[in-house]
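Below is one structure; the comments refer to it alone.
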Amino acid sequence: MAPPSLRLTSMAIPLLLVLAAAAADSPSGTCRQTLIHADGRIETSVVADDGAGASASSRSAGQGHASSSVSASSSSGEGSSASSSSSSDGTSRSVSVTRDADGCRIMIDERPR
Amino acid sequence: MKRIWLTAALAAALPGIAGAQVTGGSQSSTPTTGDVSAGPYGSGTTDANSVGVSGGGAATAANGGTATTDSRAKLNPNAAHQRSVATARDEDERARSMTNTHVRKDGDVRSRSMSIYKERGEKPVIDRESTVTNADGTTTTR
């Protein structure tokens with residue numbers, strides 16, 4: 001399994017206090033990302049694959065705005081892939097976690113929209 | 001207030017052909033006239049070789065209110081399920097919307113959505129929608 005990659009694109013100065021990113025190829029095959037912002041907003045994305053199936057969950061909470069999305073697909077011969085993403089300010093930051101045959105991929109996108 | 005979108009992609013174009021891709025889904029939203037709103041969406045697709053779901057939600061609360069969204073998807077080689085819930089609230093308004101989508105491999109795509117908006121002192125506004133897109137491409141909406 002390829003090692004997880006973390007890409008941080010920062011066109012705006014981030015306001016977050018704590019960035020806790022853990023993407024490990026654990027025995028259960030779980031990728032997890034938690035983003036805690038300075039103002040208390042929390043975004044969590046989890047993607048898991050146990051070999052027989054895949055799951056993805058995403059949760060976002062805060063004041064003003066929250067959004068989250070997930071997707072999961074399985075194709076004969078190609079295995080399964082799943083991803084989840086979340087944003088809690090609606091304008092400038094999103095976190096996505098993707099797991100597929102290549103392993104875990106975590107992306108924090110802070111480009112202004 | 002409510003927008004429902006349905007697609008019976010290739011299945012509609014190629015009715016009766018086994019293995020044609022079937023895609024369907026739904027979305028709903030609460031009224032946008034207040035300070036809070038919530039709107040999730042969900043969709044699914046399937047054919048003879050694959051199954052997939054996607055969805056999400058957004059919630060907005062003005063005037064210092066709180067917003068939360070929770071989206072989940074789960075699948076095995078033969079079926080997939082997706083669920084999204086979006087909630088927004090402030091001192092005197094609450095909005096909550098949810099969507100469930102279920103797909104069986106080379107079968108139906110079933111999706112239902114519900115939204116509730118409640119303003120203090122007023123009756124709740126409830127909106128429900130259920131759609132089923134069959135393997136032959138036909139869609140039933142209730």
Side-chain angles (χ1 to χ4, degrees), chain A residues 28-33 35 37 39-91 93-100 113, chain B residues 19 21 23 25 27 35-90 95 97 99 101-106:
Chain A
S28 60
T30 300
C31 312
R32 182 186 301 273
Q33 166 86 31
L35 193 59
H37 298 269
D39 57 6
R41 291 177 288 122
I42 299 175
E43 301 169 31
T44 302
S45 296
V46 181
V47 177
D49 190 339
D50 62 4
S55 64
S57 64
S58 181
R59 181 175 173 81
S60 180
Q63 289 193 333
H65 182 88
S67 65
S68 62
S69 64
V70 292
S71 67
S73 63
S74 176
S75 177
S76 300
E78 297 182 3
S80 61
S81 65
S83 66
S84 67
S85 63
S86 62
S87 174
S88 58
D89 64 5
T91 57
R93 187 178 295 115
S94 68
V95 178
S96 65
V97 178
T98 302
R99 181 182 175 85
D100 54 23
R113 292 181 175 82
Chain B
Q21 190 175 56
T23 301
Q27 68 178 29
D35 293 330
V36 298
S37 63
Y41 58 92
S43 66
T45 182
T46 182
D47 59 24
N49 298 312
S50 64
V51 62
V53 288
S54 63
T60 302
N63 300 328
T66 60
T68 64
T69 61
D70 191 332
S71 299
R72 299 172 187 272
K74 191 172 185 178
L75 66 78
N76 60 45
N78 297 313
H81 179 256
Q82 182 271 330
R83 175 178 183 268
S84 291
V85 178
T87 304
R89 64 169 58 188
D90 62 12
S97 293
T99 293
T101 301
H102 188 81
V103 182
R104 286 193 297 180
K105 190 175 182 179
D106 206 20

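Here the structure is a predicted model, which is why all the values come from computation and not from measurement. Chain A is the first sequence line, chain B the second, and so forth, proteins listed ahead of strands; every chain is numbered from 1.
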key: Option in Val103(B), Val85(B), Val53(B) with maximal non-hydrogen atom pairs under 4.5 Å from chain A   = Val53(B)

request  = Tell me, for Ala59(B) versus chain A, whether the close heavy atoms (under 4.5 Å) come from the side chain, the backbone, both or neither.
outcome  = both

inquiry  = Less than 4.5 Å to any heavy atom of chain B: does that hold for the side chain of Ser84(A), its backbone, both, or neither?
reply    = neither

ask   = Quick one: of Ser71(A), Ser57(A), Gly64(A), Ser55(A), who has the most non-hydrogen atom pairs under 4.5 Å with chain B?
value = Gly64(A)

key: Rounded distance [0.5 Å steps], OG in Ser58(A) versus CG in Asp70(B)   = 8.0 Å

query = If you count heavy-atom pairs under 4.5 Å with chain A, which of Ala88(B), Ala86(B), Ala58(B) comes out on top?
reply = Ala58(B)

query = Which of the residues Val51(B), Asn76(B), Asp35(B) is involved in the greatest number of heavy-atom pairs with chain A at under 4.5 angstrom?
reply = Val51(B)

note = Nearest heavy-atom approach of Ala66(A) to Ala67(B) is CB-O, 3.6 Å

request  = Can you measure from OG1 (Thr60(B)) to NE2 (His65(A)) and round to the nearest 0.5 angstrom?
outcome  = 5.0 Å

request  = Check each atom of Thr66(B) against the heavy atoms of chain A and say whether the ones under 4.5 Å are side chain, backbone, both or neither.
outcome  = both

remark   = Counting heavy-atom pairs under 4.5 angstrom with chain B, the leader among Ser69(A), Gly62(A), Ser68(A) is Ser68(A)

query = Among Ser45(A), Gly53(A), Ala56(A), who wins on heavy-atom pairs under 4.5 Å with chain B?
reply = Ala56(A)

ask   = Who wins among Ser54(B), Gly57(B), Gly64(B), Ala62(B) for the most heavy-atom pairs under 4.5 Å with chain A?
value = Gly57(B)

query = Which atoms of Ala82(A) come close to chain B, meaning under 4.5 Å heavy atom to heavy atom: side chain ones, backbone ones, both, or neither?
reply = neither

task = Name the option with the most non-hydrogen atom pairs under 4.5 Å to chain B; the candidates are Ala72(A), Ser81(A), Ser73(A).
result = Ala72(A)

query = Looking only at side chains, do Ser75(A) and Ser50(B) share a donor and an acceptor under 3.5 Å apart?
reply = no

Heavy-atom pair of closest approach, residues Leu75(B) and Ser74(A) = CD1-CB, 3.5 Å

task = Please report the closest heavy-atom contact between Ser71(B) and Val70(A), naming both atoms and the distance.
result = O-CG1, 3.5 Å

message = Tell me whether the count of non-hydrogen atoms from other residues, nucleotides or ligands lying under 6.0 Å of NZ in Lys105(B) goes above 12.
response = yes

remark   = Max heavy-atom pairs within cutoff under 4.5 Å with chain A, candidates Ala73(B), Gly56(B), Gly65(B), Pro77(B), goes to Ala73(B)

